[in-house]
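Here's the structure, in structure tokens; my notes come after.
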Amino acid sequence: MTYDWIAALAYIATLVVLTIVGKKLVFSIPVMEEMRLENREVDKVKMSRESFRDGMKASENIGKYTNLGFFILVLPFAVGFDSRPLWQHLVEIFAILAIFDFMYYWTHRSLFHGDILRKVHALHHQARKPTWSDSLYVHPLETFIGLCLFLVSIPIVALISGGPLHAVSAAIATLIFTQLNTVNHTYTRLPKDNWFFRTVDYITGVHHAHHVDMNHGNYATLTMFYDKIFGTFEEPVKRETAA
Ligand SMILES: [Zn+2]
Ligand SMILES: [Zn+2]
């Protein structure tokens with residue numbers, strides 16, 4: 001086991017660059033920019049409340065420290081640069097996301113919607129009609145648990161595969177995780193004329209169905225695969241307005 005801090009830095013650089021470029025590309029589409037502005041209007045009202053801003057800040061802070069600890073103590077042991085075929089990159093990305101989604105599904109369903117942490121999770125469920133800012137309005141304990149479940153998926157896959165994962169594969173998996181967790185709270189009402197818009201509307205619609213009240217399914221956060229397997233899938237909801 002080697003401590004490859006250069007690979008860990010490459011992971012962070014890849015994640016930052018892909019996030020910036022991806023956002024620029026997505027918001028160069030006029031209808032996506034329109035959706036962003038519509039979310040901002042509603043978010044402005046939510047963020048005018050001090051308790052909401054404090055809640056977002058507390059979640060952001062615990063996220064920062066959790067990420068920092070992981071980047072220093074764990075990540076350099078779990079990533080490297082050894083070249084590998086494209087299929088292996090794809091398998092690594094898929095495995096990280098599938099293992100995380102499975103662990104998150106059961107944590108969300110049994111802890112956050114069970115007796116133990118229901119009250120903690122109720123903070124996030126105050127949003128009956130989520131918009132962008134609600135992805136960050138999460139109790140710090142929930143942020144910590146959710147983030148740890150994702151981060152630990154990286155060394156788990158490295159251990160299963162018998163060596164470090166490629167830094168770029170791990171960064172792409174992280175990008176998909178962070179963006180899907182934000183996108184699924186965003187309000188969207190997009191044209192139905194292409195697959196990209198339909199996919200984004202589906203992603204937001206299924207998580208918005210989860211937010212209708214605390215007794216609705218759709219517990220997984222990246223795909224609806226486990227909800228369909230374990231019988232907790234709910235049809236997506238459609239909203240005419242963001243507020
Ligand atoms: Zn929930
Ligand atoms: Zn949510």
Side-chain angles (χ1 to χ4, degrees), residues 35-36 38-40 42-43 45-47 49 51-63 66 97 100-151 153 174-190 199-239 241-243:
M35 285 291 103
R36 173 152 78 167
E38 221 167 310
N39 277 269
R40 272 189 190 159
V42 180
D43 285 337
V45 178
K46 290 179 183 174
M47 287 197 270
R49 279 171 34 218
S51 60
F52 194 89
R53 289 198 305 276
D54 288 349
M56 285 175 79
K57 195 90 207 133
S59 173
E60 200 179 47
N61 282 340
I62 193 88
T66 309
L97 297 175
F100 160 74
D101 219 23
F102 179 79
M103 294 193 295
Y104 184 79
Y105 173 89
W106 283 109
T107 305
H108 189 186
R109 183 175 168 177
S110 59
L111 283 189
F112 292 129
H113 282 263
D115 294 336
I116 302 172
L117 291 175
R118 196 175 179 89
K119 282 194 178 138
V120 163
H121 189 50
L123 184 82
H124 178 62
H125 269 274
Q126 281 178 12
R128 298 291 192 223
K129 293 180 172 179
T131 47
W132 175 84
S133 61
D134 292 303
S135 63
L136 301 167
Y137 191 60
V138 179
H139 190 285
L141 178 61
E142 180 179 343
T143 300
F144 177 73
I145 293 171
L147 190 54
C148 282
L149 289 177
F150 174 74
L151 296 175
S153 304
T174 310
L175 178 80
I176 294 170
F177 161 76
T178 54
Q179 295 311 308
L180 280 180
N181 268 305
T182 309
V183 168
N184 63 7
H185 290 91
T186 307
Y187 168 73
T188 61
R189 190 189 60 253
L190 296 165
T199 306
V200 174
D201 257 353
Y202 179 81
I203 291 168
T204 62
V206 288
H207 194 65
H208 290 210
H210 178 66
H211 274 267
V212 167
D213 61 39
M214 280 195 82
N215 301 311
H216 275 65
N218 297 353
Y219 297 108
T221 187
L222 302 182
T223 74
M224 286 296 107
F225 177 72
Y226 299 114
D227 285 280
K228 286 189 174 167
I229 286 191
F230 299 120
T232 50
F233 176 71
E234 308 261 1
E235 290 298 331
V237 292
K238 289 181 178 56
R239 287 162 52 190
T241 58

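When a ligand or atom number is given, it counts from 1 through the structure's own listing order. Basis for what follows: all heavy atoms, side chains included, without hydrogens, waters or symmetry-related copies.
At least one donor-acceptor pair under 3.5 Å links the side chain of H211 to the backbone N or O of A127. A donor-acceptor pair under 3.5 Å is absent between the side-chain atoms of N184 and the main chain of H207, judged by distance alone.
Between Y137 and F52, the ring-plane angle classifies as parallel under the 30° and 60° cut-offs. Below 30°, between 30° and 60°, or above 60°: for H108 and H125 the angle between ring planes is between 30° and 60°, a tilted geometry.
Closest approach between the Zn ion (ligand 2) and any N/O/S atom of H211 involves NE2. With respect to the Zn ion (ligand 2), H207 has NE2 as its nearest N, O or S atom.
With ring centers used as reference points, Y226 lies 6.0 Å or more from W106.
Geometry note: the Zn ion (ligand 2) is the vertex, H185 NE2 and H124 NE2 are the arms, and the angle is 90° (rounded to 10 degrees). Rounding to 10 degrees gives 90° for the angle at the Zn ion (ligand 1) between NE2 of H108 and NE2 of H121. Angle NE2(H125) to the Zn ion (ligand 1) to NE2(H113), rounded to 10°: 100°.
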